[in-house]
Protein chains: 2
Amino acid sequence: MGGAAPSGTTGGFALIGNMVSHDETRSEDAPAQPPVRPTLKTIARLAGLGVTTVSRALHDAPDIGEETKARVRRLAESLGYQPNRAGVRLRTGRSHVIALVLATEAEELGINSQLIYGISEALSSLTYQLVVMLHDPSADPLGPVRSIVEAGAADGILFARIEPDDARVRFLTERGVPFATHGRTDMGIVHPYFDFDNEAYAESAVKRLASLGRRRLALVGPPPHLAYARHMATGFCRGISTLGLEKVSVEGIDTDSPHERIQAEVQRLMQRADRPDGIVSGGAVAALSVTAGAEAAGLVLGGDFDVVVKESSDLFRKFRPAIETAREDFRAAGRWLAQAIVGRIEGTADADIHFLDVPRIEVSETMDERVVAGGIR
Amino acid sequence: MGGAAPSGTTGGFALIGNMVSHDETRSEDAPAQPPVRPTLKTIARLAGLGVTTVSRALHDAPDIGEETKARVRRLAESLGYQPNRAGVRLRTGRSHVIALVLATEAEELGINSQLIYGISEALSSLTYQLVVMLHDPSADPLGPVRSIVEAGAADGILFARIEPDDARVRFLTERGVPFATHGRTDMGIVHPYFDFDNEAYAESAVKRLASLGRRRLALVGPPPHLAYARHMATGFCRGISTLGLEKVSVEGIDTDSPHERIQAEVQRLMQRADRPDGIVSGGAVAALSVTAGAEAAGLVLGGDFDVVVKESSDLFRKFRPAIETAREDFRAAGRWLAQAIVGRIEGTADADIHFLDVPRIEVSETMDERVVAGGIR
DNA sequence: ATTCTTTCCTGTAACGTTACAGTAGCCTTA
DNA sequence: TAAGGCTACTGTAACGTTACAGGAAAGAAT
């Protein structure tokens, strides 16, 4: 490759390709002393034992003497022995790998980072590795999942953006491959999942807006093909009817829509006579677009309208405290999913474990004052 | 677990032996038809060839007949043959894994997601896998890198947040382990890296602020222990002296500082008589804190002061267009790093390839008007 | 006719691990 | 005393792959 520019770079870069490396002050390709990694054989030789004995000693098998186990463990420790993953994998068929399949679309302010952090964090103490694979949403939805299964690339698979009837869930269930999801289907298939209770979120968001004196509410929900779109809509409608409020329908946009589309649509909406005075957003970036649209219509946040958003970072509370937030913790979700999938793989966890994360709309101080004052600032 | 554990399974998944076909209702963890993964042996048997021949045919070795190669390839294709990674890894010692070591601190609006997307994207066509590992910054800085090397967990390592004298760079160079970094050291050690030209960024940010009529500038830079802190400071100072501006020092905060600290410090700064009227920020979140601090001091963005920020998303341009932005593309960085490290591993790329991403301060339309009008709105 | 080349293919061994089927030695029990 | 049963350990084989040394067949050169 030398100094050739990699394909697929965007404009505006300068490549300083330096394929001249003639001055050989230090021949870097020859490592000084290749440190030989210890294997079971190394330990066995040193301990005067058979390889099998060493293996079983390190696995704490019942038919190995306590004194021998201790000796082997000490030796392994002092040599820095780490089992060769390839050997284990080849012999046992277990890769000790968890695959996370990610869609790049609709990145919501680093939620995937948070998910990855949580998973990595939990896996590191479980001697599993996380491999991340990208999924092109325009291609076959089964693509990555199928290739992982066919290549035996992982012991278990994690994914999100679940549809009510999800082909991946069906496929993996048929194949008997362990998986866990962020989100849940309507299919009645039992599997581990972590979900945010979007129904409860939407309902309490409606309540919150009502407590701020808002009467005509709109929902900018997730893309309708995702399972939680229905949950959120259900909670929203129940809140509306319980409290006797009015619902204003929003057409043609969802939280995945481009900023310009959301902003334009909300602006149009807010210029109508029957405009909403409260909006529930299913996503963080969308809430910013919504607010921008309403402000473009000349309305004032906190005065003419309020917005409730579900967010995973602290950005709103720090920088737009006038927007009400419910916190969704993706890092915790990642931790939970990692533990669930490993439990499932190792047979220590039941298939129908799940976790429903209860939303809590956090009341900032300024908001409290507003409620106490009984009005809108 | 219901049935007996499989004695020898092919891939990463536990396959229950299909020879036992007892009750076929749905015994929960017995998959209907466990598809036996084809191996070289399978193909060899079907083709009436030796295993070695098949292996060499698939590798396009010169000593295999063209007709045989074609036949083997057709067969492999039709069986959906995928080489067993464990077998390859055990035999060749090559894992086909790239490890990305991430620090969770200072997540800047999903930059790590973007980096991961870029790396995954590039690796997927290179038949390498990305494993993500977390690094606790409070622990031994060498920790994850050392354990990857000692466990032979990856063929190459990627990391960022480089220090001027970086222990990881030194360690991996000594061990002869391929690595590539986002950012560069001052150590003079030759290795592949991708860096954003922070020196040029800071200088052009200063120029931009000057063109907006700003005369007294401050820099909120990266944490001083990181290599690019110096680069940014250098560019900032050069811009200041070239243009004959004044520099206002900021003490005790950097882009990693908590929001409250930055906001409080900037507020204090902006209440001084000799307050700056332009601020260059090294990070996106910090820029928001800076702006919040200045506004808390009663100043108006675009009127009393301006801010320039380096960001990786489109958030500022969409939602705070009054803040000037330079775009840093982490996804492109990820793609480049993936290609560089694989090139390094496979010996097709030189060690001293690097890529310096040239910043461009993007001028929004409103900003253009401001400049054309020659004043501050 | 013999030797040498070239072409195309093959068998064996080994990577590090674990499942399995032993075995030697000793201690109980009848 | 013999049979049986523990305890503590061992050797072999196999997982799927590739490096290596080789080898048969056929044509070319002597």
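Proteins come first, then strands; the chains are lettered A, B, ... in the order of their sequence lines, and each starts at number 1.
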Most 5' of G87(B) and K69(B) on DNA chain C, judged by nearest nucleotide: K69(B)
Separation of dA8(D) P from E66(A) CD (nearest whole Å): 8 Å
Atom pair OG1/CZ of T127(B) and R85(B) - distance to nearest 0.5 Å: 7.0 Å
Minimum-distance nucleotide to Y81(B) side chain [options: dT17(D), dT10(D), dT17(C)]: dT17(D)
Proximal nucleotide (of dT17(C), dC9(C), dG11(C)) relative to the P83(A) side chain: dT17(C)
Among dT10(D), dC15(C), dT18(D), the one nearest K41(A) by side-chain distance: dC15(C)
Gap between atoms CZ and P, on R56(A) and dT17(C) respectively (whole Å): 15 Å
Separation of dT10(D) P from L40(A) CG (nearest whole Å): 13 Å
Approximate separation, where rounding is to 0.5 Å, of R94(B) CZ and I345(B) CD1: 6.5 Å
H96(A) NE2 to dC15(D) P, straight-line distance once rounded to whole Å: 20 Å
S55(A) side chain near dT18(C) phosphate (N/O to OP1/OP2, under 4.0 Å): yes
T92(A) side-chain N/O to dT18(C) phosphate OP1/OP2 under 4.0 Å: no
OP1 or OP2 of dC9(C) under 4.0 Å from side-chain N/O of T68(B): yes
Atom-pair distance (CZ on R94(A); P on dA14(D)), nearest Å: 23 Å
Shortest non-hydrogen contact from V97(B) toward A153(B): CG1-O, 3.5 Å
F171(B) six-ring centre to R146(B) NZ/CZ under 6.0 Å and within 45° of normal: yes
Contact under 4.0 Å: T53(B) side-chain N or O vs dT10(C) OP1/OP2: yes
No-H, no-angle donor-acceptor pair, D63(B) side chain to dC9(C) base, under 3.5 Å: yes
Nucleotide nearest L90(A) (side chain, heavy atoms from C-beta), chosen from dT10(D), dT18(C), dC15(D): dC15(D)
Euclidean distance, atom CG of residue N84(A) to atom P of dA14(C) [Å, nearest integer]: 17 Å
Rounded distance (Å) that lies between atom P of dC9(C) and atom CZ of R45(B): 19 Å
Nucleotide dT18(D), atom P - distance to CD1 of I64(B) in whole Å: 13 Å
Base of dT18(D) paired with side chain of R91(B) (donor-acceptor, under 3.5 Å): yes
Polar contact flag, side-chain donor to acceptor under 3.5 angstrom, N112(A)-S113(B): no
